[in-house]
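Below is one structure, written out as structure tokens; the observations come after it.
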Amino acid sequence: MDTMQGLKRTKYCGQFTPEDIGKEVVACGWVQKTRDLGNLVFIDLRDRSGILQLAFDDATPRDAHEKAGAARAEFVLMAKGIIRRRESVNKEIATGEIELYVSDLRILAKSHTPPFEITDHTNVKEELRLKYRYLDLRRGEMQKALMMRHKIVKLARDYYDENGFVEVETPILIKSTPEGARDYLVPSRVHPGSFFALPQSPQLYKQLLMLSGYDRYMQVARCFRDEDLRADRQPEFTQIDIEMSFVDEEDVMTINEGFMVKAFKEGLGIDVKAPFPRMPYKEAMDRFGSDKPDTRFGMELTDLSDILKNCEFKVFQGALETGSIRAINAKGAASQLTRKEIDKLVDFVKTYQAKGLAFTRLTEDGESSSFEKFLTEDEMHAIRERMGAETGDVILVVADGNSQTVYDSLGALRCELAKRLGLIQKGTFNFLWVTKFPLFEYSEEDGRYAAKHHPFTHPAMEDLDKLESDPGACNARAYDMVLNGCEVGGGSIRINDLELQQRMFKALGFDEATAYERFGFLLDAFKYGAPPHGGMAYGLDRLVMLMLEKDSIRDVIAFPKVQNASELMTQCPAEVDEKSLRELSIKIDIAQKE
RNA sequence: GGCCUGGUAGUUCAGUUGGUUAGAACGCUAGCCUGUCACGCUAGAGGUCGUGGGUUCGAGCCCCAUCCAGGUCGCCA
């Protein structure tokens with residue numbers, strides 16, 4: 001193996017230009033590809049900036065020529081030579097007009113044949129990519145993603161700094177609070193039987209920082225939730241977390257719109273228009289069946305309940321007793337949505353608890369419908385009219401005794417259809433704020449109300465007196481930033497009043513002792529002058545994923561976990577030795593499988 | 001915890017109603033080759049068909065169980 005002795009890299013491979021022609025330079029990198037034509041050898045040398053072609057011929061010193069012939073993919077090379085113009089130009093790469101005519105070649109490291117080829121557009125199984133993540137991360141596509149991520153973080157720090165925000169680090173080892181997601185727990189050696197939790201977010205600490213007078217806080221914060229994974233959900237993830245004092249909802253939304261404008265302008269060169277539209281939660285549900293509507297396409301929900309209130313169809317009648325009937329119109333999709341395709345859509349909505357999917361297809365040959373025979377011609381006509389139906393359309397109807405099921409299934413179906421019918425234009429970024437969320441959500445499992453956002457969210461001013469009498473009707477001073485149907489951030493104005501916070505805990509079913517045991521430090525703090533405050537947190541991973549139009553958050557995280565929350569490369573989590581467990585006073589008791 | 005999809009050479013895949021020696025492309029190895037850049041030509045190596053059972057004269061293919069990966073519902077204050 002050779003050393004770098006006596007050589008110093010001139011610059012990155014991709015940075016050489018025709019201006020360097022005639023200069024003696026040194027380049028380093030990995031072998032992307034060798035083309036050995038006999039006496040004439042070419043090597044594509046790759047680093048994070050791009051590719052530079054190395055050239056060798058019969059006038060090349062023998063030692064360098066032999067090493068060039070021996071070089072294989074992913075060898076690490078250092079090459080000294082003269083930059084010269086190529087005899088034939090490669091227009092595909094930035095350095096395509098030039099090459100490095102090598103006089104001294106060093107093989108700094110050899111490489112086994114990699115388990116997959118290091119190329120941008122790979123279709124290798126993700127499982128393999130993750131096992132050899134260090135090789136996967138060599139691919140230009142991954143490097144681009146991680147560099148974009150770096151850029152967004154830097155833009156965030158710059159932007160919030162320019163606006164008077166102070167970055168403060170909050171603890172990673174904190175007190176467990178059983179509200180919300182499952183905590184990751186860390187045993188304490190010094191306090192046998194006691195545990196720290198990893199933070200699900202820095203929520204309470206940032207509120208306390210407001211109380212301490214820092215006025216504007218931000219942090220690039222790692223957060224942890226021990227819940228099942230999804231394409232856009234990892235057990236550890238990063239938030240851009242902010243909090244501000246003496247503000248209302250509009251103040252928080254405005255400053256954060258400014259960050260999005262900057263991030264998209266400087267990150268992608270795209271102009272995003274602010275202010276973003278504001279849409280109350282109820283409107284989002286009624287029009288899109290979702291609290292994070294994708295507004296890049298239409299196909300909005302339409303309520304048919306009133307038209308069908310006297311109809312003879314038992315399925316519809318049954319639904320109307322406690323729920324509703326709503327529909328979407330897949331414009332001009334009749335030719336694509338055959339009976340067979342619609343059957344698949346029926347299965348699709350069933351995953352959202354819908355009991356079925358009624359439809360009517362308006363084709364050239366007439367109407368074929370799953371419910372026409374149960375309705376009068378007047379009712380059918382009224383439906384067609386309200387849906388704006390024309391020949392070629394397909395109307396898809398969900399009726400359910402639980403309106404939430406109608407929203408969930410149609411909202412999801414709307415997005416699924418948009419994908420299948422190609423209604424979404426690439427490169428479109430539609431932002432909006434969803435506001436006026438309900439304060440509570442009834443939990444069937446626990447038989448009580450739970451906070452929809454979190455228990456520190458300020459109720460809407462006009463609902464303050466309903467907190468005890470009608471909690472289900474209370475709205476929250478909460479807002480979510482939605483981009484292309486994804487929640488990229490969310491926040492609220494917080495409670496800063498001891499009495500109101502105590503009422504809130506009571507509404508959530510905590511008695512005073514429990515509230516003090518869990519959040520006593522916060523309640524005590526409120527006794528010492530807490531300013532009005534509010535903030536929000538962005539999911540950095542999701543934001544970068546959306547900006548780069550990736551399908552999975554894993555493509556913008558260097559070392560992600562897989563679906564069972566383990567890491568394929570290091571094989572963690574893993575068992576630890578007896579001694580470590582003894583020090584922690586921990587005994588393992590895994591239930592034996594039958 | 002439920003449902004759906006996938007697992008065959010290093011990689012991506014094909015593999016007929018269950019039937020002879022499981023194929024292709026790329027990659028890899030060796031040889032030849034002076035302007036390649038998807039280099040070309042010639043030859044070659046490479047397979048516990050995820051794993052364990054079962055059915056059968058015979059299983060990559062059928063059945064059962066199980067593991068791994070992906071998607072998703074529940075879950076994610």
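Letters A, B, ... mirror the listed sequences (proteins, then strands); counts begin at 1.
Between the side chain of Asp228(A) and the base of G74(B), at least one donor-acceptor pair of N or O atoms lies under 3.5 Å. You won't find any donor-acceptor pair under 3.5 Å spanning the side chain of Glu87(A) and the base of U36(B), going by distance alone. Arg35(A) contributes no side-chain N or O that forms a donor-acceptor pair with the base of C33(B) under 3.5 Å.
The pairing partner recorded for G70(B) is C4(B), the criterion being a Watson-Crick or G-U wobble arrangement whose two distances lie under 3.5 angstrom. The partner of G40(B) is C32(B), judged by Watson-Crick or G-U wobble contacts that both fall below 3.5 Å.
Rounding to whole angstrom units, NZ of residue Lys350(A) and P of C73(B) are separated by 18 Å.
When the side-chain nitrogen and oxygen atoms of Arg225(A) are compared with OP1 and OP2 of A77(B), one or more of them lie within a distance under 4.0 Å. The phosphate of U36(B) (OP1 or OP2) has no side-chain N or O of Asn90(A) nearer than 4.0 angstrom. For the OP1/OP2 pair of C73(B) and a distance below 4.0 Å, the side-chain nitrogens and oxygens of Arg233(A) include no atom meeting the criterion. Residue Arg72(A) has a polar side-chain atom (N or O) positioned under 4.0 Å from OP1 or OP2 of U29(B). Phosphate contact (OP1/OP2 of U12(B), side-chain N/O of Lys125(A), threshold under 4.0 Å): present.
U11(B) has no base stacking with the ring of Phe116(A) when judged by centroids under 5.5 angstrom apart and an interplanar angle below 30°.
If you check every strand for non-hydrogen atoms under 4.0 Å, Phe456(A) touches nothing.
Ring pair Tyr132(A)/Phe116(A) is perpendicular by interplanar angle, where above 60° counts as perpendicular and below 30° as parallel. Between Phe456(A) and Phe519(A), the ring planes lie perpendicular to each other; the angle is over 60°, past the 30° to 60° tilted range.
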Salt bridge (charged side-chain N to carboxylate O under 4.0 Å, His left out) between Lys452(A) and Glu441(A), worked out: CA-CA 5 Å; Lys452(A) 175 127 182 140; Glu441(A) 203 168 34; 3.3 Å; yes
